[in-house]
Amino acid sequence: MPATSSKTPDTRGLAGQTIGDTSVCSVNQTQLIYRGYEIADLAAHATFEEVAHLLLVGHKPTAKELEEFTTQINESREVCDGILDVIERIASEPTVHPMAILRTGISMVSHQDPECEDNSPEAEARKSIRLLAKIPTLIGACQASRDSRSRVAPDSSLSHAANLLWLITGEKPSEIAAKVMDISLILYAEHDFNASTFTGRVIASTNADMHSAVCGAIGALKGNLHGGANEAAMDMLQCIMDDTKDSEMSVDEWMTRAFEEKRKLMGFGHRVYKNGDHRAGILRGWGLRYCEENDPSKKCWFDLGDQVQAVMLRDKNIHPNVDFPCGMTYFAMGIPVPQYTPIFVASRITGWCAHIMEQHANNRIIRPLAQYVGPDLMNWTDS
Ligand SMILES: CC(C)(COP(=O)(O)OP(=O)(O)OC[C@H]1O[C@@H](n2cnc3c(N)ncnc32)[C@H](O)[C@@H]1OP(=O)(O)O)[C@@H](O)C(=O)NCCC(=O)NCCS
């Protein structure tokens, strides 16, 4: 008889469950593949626009297709002043998180999309490009308000990554800044049935429209166990830096205390990658390159990150995920921490829309069952 394990697998959170098919992406312990192309290959040789075409249209673009696709994005970046004024007003309240503002922004944009209620493949292909194009404009208006400066208009001569940085900072980015942002957007673009994509697919499966599914996906990405981890990872590093700077406490001691308090260390661990997230190494390399070329003083964050990573591996055997180097990289680039997760949206919108279109193309409502664990049957009139 084969040996059986007495330990029942913990399937809470659908761990280990395959719940559907996709041709958009494949994730396993060793590889992340977008429609047949491995992530390291894409990060080394493609641009974000090419990856967006691969995900949204379904294949690697020819030069002509890429030109048309890029033109469509560039021509769709404008968002009307009425919406941007509302974004700025909400952003002037400092307690409102930019992810909540972006969620509202997408909702407002939906009301002006002439094809909002049209779930045909043709309309959804057009809507996905409009969503991709407009998200940086919404993020830019939010940050301009936070910085008490006038918002700038999207620049059609810039790539998606460079335009995003321009709108967030109000300054034209250096070549290396645009390149590092482009790489991070490629790495963030898609990840099969992660929580936000799954949320988007559940909403789409009711025959709801693409904008509604994207609003739900933004809500799911906001949490710090998912996309919000890139902000939380940087907040944690700043906390460690503060607590250890006068040598009152070592990094080792800080981590031991966190373990004793059973705290989750942000930017570590992954549902699928148990031996490391290959995106993390790629982004760390580019983040360090940015520091070397632009501001070597910021390398201290990567040195601290390496110490934290070493203790985490030694004591817990848990590896960093992509959000860990992302925090340090965006921090070195001078991007305000609360915009890290909205930037994730500016990339993952491609994966979300690809999945929403895939769901609509072969739909059956997603409606699983629950195991009832409540009280036994009672009569309302008995007591
Ligand atoms: C990503 C994450 C949500 C995955 O959750 P999960 O699949 O349910 O986690 P696992 O089943 O792999 O966890 C196994 C063990 O490692 C621990 N663990 C996992 N990630 C940890 C972390 N970041 N810090 C401390 N302990 C962690 C768990 O608490 C669990 O311990 P236990 O067996 O004593 O209960 C989880 O690792 C996490 O919360 N990470 C921090 C947030 C983050 O970086 N999210 C971005 C993901 S890309």
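Remember, it's 1-based here, ligands and their atoms both numbered in the order they're listed. Residue numbers run from 1 in the order of the sequence given. Just so we're clear, the structure is a prediction, and the values are computed from it rather than from any experiment. Heavy-atom basis, side chains included; hydrogens, waters and symmetry copies ignored.
- Taking CZ of Arg201 as the start and CD1 of Ile366 as the end, the distance is 6.5 Å to the nearest 0.5 Å.
- Taking 4.5 Å as the limit, some side-chain heavy atom of Leu288 sits within range of a side-chain heavy atom of Arg284.
- You'll find the ring centres of His355 and Phe198 outside the 6.0 Å limit.
- In this structure, Gln143 contributes its side chain and Gln339 its backbone to no donor-acceptor pair below 3.5 Å.
- The shortest contact between atom 3 (C) of ligand 1 and any protein heavy atom is with Leu225 O, 4.0 Å.
- Within the structure, the closest approach of Lys274 to ligand 1 falls below 4.0 Å when heavy atoms are considered.
- Judged by the shortest distance from any of its heavy atoms, Gly13 lies outside the 4.0 Å radius around the atoms of ligand 1.
- Neither side chain, Asp41 nor Tyr37, offers a donor N or O lying under 3.5 Å from an acceptor on the other.
- The protein atom (non-hydrogen) at minimum distance from atom 1 (C) of ligand 1 is Gly269 O, 3.8 Å.
- Contact annotation: for Asp323 versus ligand 1, heavy atoms closer than 4.0 Å belong to the side chain alone.
- Atom 27 (C) of ligand 1 has its closest protein heavy atom at Ile318 CD1, 3.5 Å.
- For atom 41 (C) of ligand 1, the nearest non-hydrogen atom of the protein is Phe268 O, 3.3 Å.
- Close contacts between ligand 1 and Met312 involve ligand atoms 22 (C), 24 (N), 25 (C) [criterion: under 4.0 Å to a heavy atom].
- For the residue pair Tyr188 and Asn230, a side-chain donor N or O sits within less than 3.5 Å of a side-chain acceptor on the partner.
- Using modelled atom types, one finds no donor on one side chain facing an acceptor on the other under 3.5 Å when comparing Asn379 with Thr381.
- Distance from atom 24 (N) of ligand 1 to its nearest protein heavy atom, with residue and atom name: Leu265 N, 2.9 Å.
- Atom CG of Asp303 has more than 12 heavy atoms from other residues, nucleotides or ligands within 6.0 Å.
- Considering backbone and side-chain N/O atoms, Met266 never comes within less than 3.5 Å of an N/O atom of ligand 1.
- Not a single heavy atom of Lys316 sits less than 4.0 Å from an atom of ligand 1.
- For an aromatic pair to be called close, the ring centres must be under 6.0 Å apart, and Phe48 with His53 fails this.
- Only the side chain of Asn321 comes within contact range of ligand 1, with a heavy atom under 4.0 Å; no backbone atom does.
- The cationic group of Arg263 lies under 6.0 Å from the six-membered ring centre of Trp254 and within 45° of the ring axis, placing it in a cation-pi geometry.
- Note on Arg348 versus Glu190: no salt bridge recorded, every NZ/NE/NH1/NH2 to OD/OE distance being 4.0 Å or above.
- Per-residue contacts place Ala229 under 4.0 angstrom from the following atoms of ligand 1 (heavy atoms of the residue considered): 43 (C), 44 (O), 45 (N), 46 (C).
- Electrostatic pairing of Asp295 and Lys298 counts as a salt bridge here, judged by a charged N lying under 4.0 Å from a carboxylate O.
- Of the options Arg271, Arg279, His319, the smallest heavy-atom separation from atom 6 (P) of ligand 1 is shown by Arg271.
- With hydrogens left out, the protein atom closest to atom 38 (C) of ligand 1 is Lys264 CD, 3.7 Å, a heavy atom.
- Less than 4.0 angstrom separates atom 16 (O) of ligand 1 from at least one non-hydrogen atom of the protein.
- Ligand 1 has Asn224 within reach: a non-hydrogen atom of the residue lies less than 4.0 Å from it.
- Ligand 1 places these atoms under 4.0 Å from at least one heavy atom of Gly267: 43 (C), 44 (O).
- Counting only heavy atoms, the protein never gets under 4.0 Å from atom 33 (O) of ligand 1.
- Near His226, with a cut-off below 4.0 Å to any heavy atom, the atoms of ligand 1 are 46 (C).
- Not a single protein heavy atom sits closer than 4.0 Å to atom 30 (C) of ligand 1.
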